[in-house]
Visitor: 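Got a structure for you, questions after.
In what follows, residues are counted from 1 in the order of the sequence shown. Since the structure is predicted, the reported quantities are computational estimates derived from the model, not experimental observations.
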Amino acid sequence: VFLFFLTDDFAHRTSVRHALANDKDWQGKFISVALPLIEKQHNEVAYLVPWCQLGKPPKEGGVYEWVTFQMKPGGPALWGEAFRAAVNAHINTGYTKLIGVFHTEYGLLNTVHVLWWNESPDQRAAGRHSAHEDARVVAAVRDSVRFLESQQNALLIPLPCSPLK
């Protein structure tokens, strides 16, 4: 289970968490069901990077790809422009829709998450193959990958209760 909450600031985050802790419906329908299945929990606070606006999927449905990049120490001052160029190169291919780029404030530092939307897993795979053949994408990724420690991709299928469905 992957929970993703957007809040305005830390005060808003605190109020949202407090409200959920006191929401009997949330406790009964989600937490009481999920808690026995949880083996570990990872919490992180990340912010939308300044050069990215939070996007919306073009239509309801589809799937999301949550890509986590562990970048070399040094922060955005070191790798930010190269990373931005790589994201923009993918956007310019049109094979996927950017929802947001987030950078950790708390948790493992120098972590960047990119959330993409695709109509289907097959459309995402076809787009990925097209991007690998696009010289603009290859050049941008080649420049940014020198700052990369690791990358992990996850396919997310929203639940009916998700605002990202």
Visitor: Remaining members of V63's ILVMFWY cluster at a side-chain heavy-atom cut-off under 4.5 Å?
Guide: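 So far as hydrophobic clustering goes, V63 is joined with L155, I157.
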
Visitor: Let me see the working for T68 and Q151 under side chain to side chain contact (heavy atoms under 4.5 Å, CB included), right down to the final yes or no.
Guide: CA-CA 6 Å; T68 300; Q151 175 181 335; over 6 Å; no

Visitor: Okay, side chain of R17, backbone of T14: is any donor-acceptor separation there less than 3.5 Å?
Guide: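 Checking the backbone N and O of T14 against the side chain of R17, no donor-acceptor pair under 3.5 Å is found.
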
Visitor: Where the side chain of T96 meets the backbone of N118, is there a donor-acceptor pair that is under 3.5 Å apart?
Guide: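 It does not hold such a pair.
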
Visitor: How far apart are the closest heavy atoms of I31 and P36, and which atoms are they?
Guide: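 Smallest interatomic distance, heavy atoms only, reads O-CD, 4.5 Å.
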
Visitor: Report the residues that fulfil salt bridge (charged side-chain N to carboxylate O under 4.0 Å, His left out) with K59, sequence neighbours left out, ordered by chain and then residue number.
Guide: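 Applying salt bridge (charged side-chain N to carboxylate O under 4.0 Å, His left out) to K59 gives E119.
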
Visitor: Quick one, P76 and H103 - any side-chain contact, counting heavy atoms below 4.5 Å?
Guide: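 Yes; the side chains approach each other to less than 4.5 Å.
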
Visitor: Measure across A140 and A89 and return the closest heavy-atom pair with its distance rounded to 0.1 Å.
Guide: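 Closest pair (atom of A140, atom of A89, distance): CB-CB, 3.7 Å.
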
Visitor: Decide whether L115 and L54 are clustered together by the hydrophobic rule: side chain heavy atoms of Ile, Leu, Val, Met, Phe, Trp, Tyr closer than 4.5 Å, transitively.
Guide: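 In one cluster with L115: L54, yes.
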
Visitor: Please report the interatomic distance CD(Q41) to CD1(I38), rounded to the nearest 0.5 Å.
Guide: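 Reported to 0.5 Å precision, the distance equals 6.0 Å.
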
Visitor: Counting distance only, does the side-chain N/O of D134 pair as donor-acceptor with the main-chain N or O of S130 below 3.5 Å?
Guide: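 Not confirmed, D134 side chain does not pair with S130 backbone.
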
Visitor: Can you find a side-chain donor-acceptor pair between T111 and Q70 that sits under 3.5 Å?
Guide: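 A donor-acceptor contact under 3.5 Å links the two side chains.
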
Visitor: CG of L48 to CZ of F102: how many Å apart, nearest 0.5 Å?
Guide: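 It is 5.0 Å, given to the nearest 0.5 Å.
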
Visitor: Indicate whether any N or O donor in one side chain lies under 3.5 Å from an N or O acceptor in the other, for Q27 and D25.
Guide: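 Per modelled atom types, Q27 and D25 side chains form no pair under 3.5 Å.
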
Visitor: Of all heavy-atom pairs between K97 and K56, which one has the smallest distance, and what is that distance?
Guide: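 For K97 versus K56, the nearest heavy atoms are CE-O, 3.0 Å.
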
Visitor: Can you name the nearest heavy-atom pair linking Y95 to A131, along with the distance?
Guide: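 Answer, listing the atom of Y95 first, then A131: CE2-CB, 3.5 Å.
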
Visitor: Indicate the atoms forming the closest heavy-atom contact of P158 with Y64, along with that distance.
Guide: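 Closest heavy-atom pair between P158 and Y64: CG-CE1, 3.5 Å.
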
Visitor: Would you say the side chain of S120 lies within less than 4.5 Å of the side chain of Q123, judging by non-hydrogen atoms?
Guide: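 With C-beta onward as the side chain, the pair touches.
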
Visitor: Decide side chain to side chain contact (heavy atoms under 4.5 Å, CB included) for D9 and H12; before the verdict, give the C-alpha distance in whole Å, the side-chain angles of both, and the deciding distance to 0.1 Å.
Guide: CA-CA 5 Å; D9 53 35; H12 183 219; 3.4 Å; yes

Visitor: Apply side chain to side chain contact (heavy atoms under 4.5 Å, CB included) to the pair E44 and H113, showing each step before the final yes or no.
Guide: CA-CA 11 Å; E44 191 172 272; H113 302 286; 2.3 Å; yes

Visitor: Hydrophobic clusters join Ile, Leu, Val, Met, Phe, Trp and Tyr when side-chain heavy atoms are under 4.5 Å apart, directly or via other members; which others share one with V112?
Guide: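 ILVMFWY cluster around V112 also holds V49, W51, V67, F69, M71, L78, W79, F83, V87, I91, L98, V101, V114, W116, V145, F147, L148.
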
Visitor: Test F10 against E105 for side chain to side chain contact (heavy atoms under 4.5 Å, CB included), laying out the working first.
Guide: CA-CA 11 Å; F10 287 107; E105 178 77 19; 4.1 Å; yes

Visitor: Restricting to non-hydrogen atoms, name the atom on R13 and the atom on V45 that form the minimum distance, rounded to 0.1 Å.
Guide: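 Heavy-atom minimum between the residues: NE-CG2, 3.8 Å.
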
Visitor: Between R128 and E133 (salt bridge meaning N to carboxylate O under 4.0 Å), is one present in this structure?
Guide: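 Between E133 and R128 there is no salt bridge, as every charged N stays at least 4.0 Å from the carboxylate O atoms.
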
Visitor: When the ring centroid of Y106 is compared with that of Y47, is the distance short of 6.0 Å?
Guide: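 They do not qualify: ring centres at least 6.0 Å apart.
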
Visitor: Just by distance, do the side chain of D23 and the backbone of A19 share a donor-acceptor pair under 3.5 Å?
Guide: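 Pair absent, no side-chain N/O of D23 close to backbone of A19.
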
